[in-house]
There are 2 protein chains.
Amino acid sequence: MTPLSPPGNEPPEARVTIRDVARLAGVGIKTVSRVINGEPNVSEHTAVRVRQAITQLRWEPDIRARNLRRADGRTHTIGLLLGSVSNPFAAEMHRAIEDVAANRGYAVLASSHDDDPAREGTAMAAILGRRVDGVILMPIAASQAYLQTDIDRGLTVVCVDREPSGALIPSIRSDARVAASVATRHLIRRGHHRIALLHDDENIWTARERRYGYLDAMRFAGLEIDESLIVGGLSTPELSGAASDRLMRIQDPPTALVCGNNLITIGAVRTLQRLSLQHDIALVGIDDFDTADLIAPPITVVAQRPSQIGRLAADQLFAMIDGTLPRSGPPISVPTDLIERGSGEIGPGSSD
Amino acid sequence: MTPLSPPGNEPPEARVTIRDVARLAGVGIKTVSRVINGEPNVSEHTAVRVRQAITQLRWEPDIRARNLRRADGRTHTIGLLLGSVSNPFAAEMHRAIEDVAANRGYAVLASSHDDDPAREGTAMAAILGRRVDGVILMPIAASQAYLQTDIDRGLTVVCVDREPSGALIPSIRSDARVAASVATRHLIRRGHHRIALLHDDENIWTARERRYGYLDAMRFAGLEIDESLIVGGLSTPELSGAASDRLMRIQDPPTALVCGNNLITIGAVRTLQRLSLQHDIALVGIDDFDTADLIAPPITVVAQRPSQIGRLAADQLFAMIDGTLPRSGPPISVPTDLIERGSGEIGPGSSD
DNA sequence: GTTGCCCATGACAACGGTGTCAGAATCGTT
DNA sequence: AACGATTCTGACACCGTTGTCATGGGCAAC
């Protein structure tokens, strides 16, 4: 009675295997294997019969069983472990990685660890259990030493966005320290002295580095460093907004903000707008975002190049898998670009 | 000399199997299997020895081999095929799906088809070859009939964001027609007559539906429908911006815009700002985005609920896999929310 | 001291493919 | 006609795990 149920000539739920194909074609299973793998020494006559049987049964070989016996044991699948697949920066990298992978017949197993060190471990275990040929990791755990055993046994790993520690893994990333220093210097050059740094949790490599970069620029300019203007742990726009609010209410508030990533920038801008301070307080964000030019004032950023990072990471990973590149190496820095749009060019005079 | 190389007692590249564990523990392989699967009838003494051997060798069972023999044949992996993993709307759904999947020990194979019907086929083949237990698909091809054979053989599929056609697949999505109609009505209520619709390629289900919704609202209000105010095929912000620019230069330009998705909205806003018309032309976007409230004027949107769609889709998929829900069913609509922020409340008077 | 039962265990086949190898069929030489 | 070389083919073992089943030992009941 079900309208679209199959005509009944095909038993549903029946798995089609290479044996069914061989039987229908009247050959041995190995001959079927030869045909689908393009191995030589199959007569055209036989090959045609086999191919007919394959299409008739709509059979597709089981990649898992295939790789189980195959010499190289490749699964043609890579793992990707990011902070969150929904973060725009991460999603951009993801897309670039997928493009490289798809070109090489690879699929991508993607997951998120939410910058929780414990979840890096569990998510990685879930990935490794599926026997991927390589992993691209945005590290968050204090150490990646736990991967060393698998690396010694042939696992290929590349880190993105952040430096790993405790294991010999190459990484592709922006120079976070320089980026923060550029952002801070840009504000100093406009005459700001009291510059706040809003950044993420310090167990994230980029957050630590950005703090160093900020301090570099402040010290180089001979400016006093006020620890109360450095706020970490801002993992959501809400936390960033609340921190901005507090900063604006202290005795001698900052005249400029450096925001450590896209989410922090959004939270800070939201608060500045609520306090009607967006045209008085200068702001430079790290990470660009789609609508940065549409906000009033438009947001000046030190833009990273997420898709370039992703592409380079995937290229590196596959080169390592192919054996054309050693499985460890020095970190690779991808340039960042200062984009002046307005918010970073506000002088210190307006609010005081 | 390499600082972190292993002490050399472990031969690199050596695969550890259940046999190695069994040998070290002095038991049969089946006993090891019993221990890791929590099967009864293993003495505690033996179990401890086995567990010791496992940690000592750092062995992890091969999920592929495991599923090969297991009765149900589950891979505990699902496929996810979206327009693009980097689109904010899709990325949000992706994240919600991943959360549900991870909770159930499932991994997600994610890929993008860029709204290219041909790539839906190739990407799907890549996913199915890896023997996933289910697939969540944002359809783009004119028909999903090609999936019917696999569905009859036990494949579980759920569509998101769009209706499939040609196969009995349940779908979870917003009511795109109603959403567009709500957006249009909102503008009509403010007195607009000449309302433009900027939308995506019409082989995308949502784009077609949104056109219907727009027409519904216009007809219901008894307004004349000017086909030159309906522009489709806008797949990027650049195309949307250019189309907006053209619309603003025609004889009798529209006084309001309905934008069919997040990227279209961004392109249109960019053009309006460039022409300094953002406070004169009303605009309602479909899809919310992070910074919609920070733009001047803040963008009024009909917000979808991508994470709810993702969560429901994953719930549905797993219920179907578990057999607690039939593998086909009626589409499920997720509500949309009109959020008035300013851009949609501009009257028709200002520019004429 | 048997008998019967249950618990613990491992030998073996199986999953769906590929690698190895030996044998059959075809062909060209001498 | 006999030979070797080459092409084609399938039987069989194997990949790393789980399902099935037989076996042996311990223990309670008779």
Side-chain angles (χ1 to χ4, degrees), chain A residues 13-51 53-54 57-77 128-133 153-154, chain B residues 13-51 53-54 57-77 128-133 153-154:
Chain A
E13 300 278 343
R15 247 184 182 167
V16 181
T17 77
I18 194 171
R19 260 165 275 269
D20 301 314
V21 175
R23 198 178 315 122
L24 179 62
V27 299
I29 55 170
K30 180 61 203 186
T31 300
V32 178
S33 172
R34 270 192 270 264
V35 170
I36 60 171
N37 288 297
E39 286 175 38
N41 298 335
V42 179
S43 73
E44 193 46 36
H45 173 71
T46 311
V48 167
R49 282 230 315 278
V50 169
R51 274 191 285 267
I54 289 174
L57 293 175
R58 311 191 104 234
W59 174 72
E60 278 200 77
D62 186 319
I63 296 192
R64 301 168 302 163
R66 208 163 194 178
N67 294 134
L68 203 51
R69 183 63 165 98
R70 257 173 152 72
D72 56 7
R74 297 271 176 86
T75 57
H76 293 272
T77 303
L128 296 184
R130 286 171 177 81
R131 294 294 188 266
V132 294
D133 294 346
R153 284 180 186 159
Chain B
E13 299 278 343
R15 249 184 180 165
V16 181
T17 79
I18 195 172
R19 256 169 280 270
D20 302 313
V21 174
R23 198 176 316 124
L24 181 62
V27 300
I29 56 170
K30 180 62 203 186
T31 300
V32 178
S33 172
R34 269 191 270 264
V35 171
I36 60 170
N37 288 298
E39 287 173 37
N41 299 336
V42 179
S43 74
E44 193 47 33
H45 174 70
T46 312
V48 167
R49 282 231 315 277
V50 169
R51 274 190 284 268
I54 290 174
L57 292 175
R58 309 190 105 235
W59 172 72
E60 278 200 77
D62 186 319
I63 296 192
R64 298 169 303 164
R66 205 163 198 176
N67 295 133
L68 199 52
R69 185 60 168 99
R70 259 175 149 78
D72 56 8
R74 297 271 176 85
T75 56
H76 293 274
T77 303
L128 297 184
R130 287 172 177 81
R131 293 290 190 272
V132 294
D133 295 345
R153 285 182 185 158

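Below, chains carry the letters A, B, ... as their sequence lines are ordered, and counting in each starts from 1.
As a whole-Å value, the separation of B:His45 NE2 from C:dA8 P is 13 Å. Here the C1' atom of nucleotide C:dG16 and the NZ atom of A:Lys30 are 13 Å apart, to the nearest Å. Residue A:Glu39 contributes atom CD, which lies 14 Å from atom C1' of D:dT7 at whole-angstrom precision. The distance between atom CZ of A:Arg23 and atom P of D:dG10, rounded to the nearest whole Å, is 14 Å. Between the P atom of C:dC27 and the CG atom of A:Asn41 lies a distance of 15 Å, rounded to the nearest Å. One interatomic measurement links the two molecules: CG of B:Asn37 to C1' of C:dT9, which rounds to 16 Å at whole-angstrom precision. As rounded to whole Å, 11 Å separates atom C1' of D:dT7 from atom CZ of A:Arg34.
When heavy atoms are screened at a 4.0 angstrom cut-off, A:Arg64 is found touching no nucleic acid atom at all. At a threshold of 4.0 angstrom between heavy atoms, the contacts of A:Val32 with the nucleic acid are absent.
Ranking C:dG17, D:dT17, D:dT9 by closeness to the A:Arg69 side chain, first place goes to C:dG17. Counting only heavy atoms from C-beta on, B:Ile18 has its side chain closest to D:dT17 among C:dT20, D:dT9, D:dT17. Of the candidate nucleotides D:dC15, D:dT17, D:dG19, D:dC15 has the atom nearest to the side chain of A:Leu68. Each of C:dG17, C:dC21, D:dT17 was ranked by its minimum atom distance to the side chain of B:Asp62; first place goes to D:dT17. Nearest nucleotide to the side chain of B:Arg19, out of C:dG17, D:dG16, D:dG10: D:dG16. Residue B:Ser33 places its side chain closer to D:dT18 than to any other of C:dT9, C:dG19, D:dT18.
Looking only at side-chain heavy atoms (C-beta outward), B:Arg64 and A:Asn67 come within less than 4.5 Å of each other. Between B:Thr77 and B:Arg130, every side-chain heavy-atom pair lies at or beyond the 4.5 Å cut-off.
Of the two residues near DNA chain D, A:Ile29 and A:Thr46, the one whose nearest nucleotide lies more 5' is A:Thr46.
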